[in-house]
S.K.: 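Mind having a look at this structure? Questions to follow.
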Amino acid sequence: MSFNVATFATTFALIFLAELPDKTMFASLAMGTRMRPSWVWLGTASAFVVHVAIAVAAGSVFSLLPEMLVQIVAAALFAFGAWTLLRGGNDDEDDDVARGRRVTGFAATWATAFTVVFVGEWGDLTQITTANMAATREALPVAAGALLALTTVSALALVAGRFIADRVPLKTVQRVGGVVMLALAVWSLVEAFTG
């Protein structure tokens, strides 16, 4: 089995550029302002591993699921994320964050990040692109390029989220993150009903 560097680089570039304006990137940014970024990244990376494996192994699997259903579930998850961020917390939670303790544990953070990205990426441009690349090129460099691109964009979003959270009051970060998640919920619903 050979590893074609050109295929890897091409896949990386295509997926990286496609993922930059993607809603899952914005979801990662929003989650990174409220939860431990490294845990969020592990959740998003895990979801990306599954999606890349599915796209490479069977590029058309996502077409079996009704797109409207996937978008509605994604909208519900984004709305739940918005509710969680916008409801705020009490002063004890703010004190915990100020002292460096995390309000949310690893399992809950990982599961939230995994679920949001796992559902949000079904039928996404990056999944379609990965499937198309895998259909015409070697699977290993396609998978490696796609996975590296997706996890890199997620990491960049989380770094930006942490940078913002360190310089802006927590309440403001929560409200902005909640509004972003709410916008993503609306975006998903629009996609569900407009195709």
S.K.: Tell me the closest heavy-atom pair linking V116 and A27, and the distance in Å.
M.R.: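 For V116 versus A27, the nearest heavy atoms are CG1-CB, 3.9 Å.
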S.K.: Could you state the interatomic distance from OG (S154) to CG (L158), rounded to the nearest 0.5 Å?
M.R.: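 Going from OG on S154 over to CG on L158, the span is 4.5 Å.
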S.K.: Just verifying a value: how many Å separate F12 CZ and L148 CG, rounded to the nearest 0.5 Å?
M.R.: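 Reported value, rounded in 0.5 Å steps: 5.0 Å.
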S.K.: Any side-chain to backbone donor/acceptor pair from T115 onto T112? Under 3.5 Å, distance only.
M.R.: no
S.K.: To the nearest 0.5 angstrom, please state how far the CG atom of L14 sits from the OG1 atom of T126.
M.R.: 11.0 Å
S.K.: Do the side chain of T10 and the main chain of T7 share a donor and acceptor less than 3.5 angstrom apart?
M.R.: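 Absent.
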S.K.: What's the separation between atom OG1 in T130 and atom CZ in F48, rounded to the nearest 0.5 Å?
M.R.: 10.5 Å
S.K.: State which residues pass side chain to side chain contact (heavy atoms under 4.5 Å, CB included) with S46; sequence neighbours excluded, sorted by chain then number.
M.R.: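 So S46 forms a side chain to side chain contact (heavy atoms under 4.5 Å, CB included) with W110, F114.
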S.K.: In chain order, what residues pass the ring-ring contact (aromatic ring centres under 6.0 Å, His included) check against F8, with sequence neighbours excluded?
M.R.: F3
S.K.: Which pair of heavy atoms, one from S28 and one from T44, lies closest together, and at what distance?
M.R.: OG-CG2, 3.6 Å
S.K.: Search all heavy atoms of V117 against all heavy atoms of A47 and return the closest pair with its distance.
M.R.: CG1-CB, 3.7 Å
S.K.: Please give me the minimum heavy-atom distance between E121 and Q127, naming the atom from each residue.
M.R.: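 Taking E121 first and Q127 second, the nearest heavy atoms are O-OE1, 3.5 Å.
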S.K.: Looking at every heavy atom in both V52 and A146, which two are closest together, and how far apart are they?
M.R.: CG2-CB, 4.0 Å
S.K.: If you measure from CZ on R36 to CG on L42, what distance do you get to the nearest 0.5 Å?
M.R.: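 With rounding to 0.5 Å, CZ (R36) is 11.0 Å from CG (L42).
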S.K.: How far apart are the closest heavy atoms of W39 and T109, and which atoms are they?
M.R.: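 Looking at all heavy atoms of both residues, the closest pair is CB-CG2, 3.6 Å.
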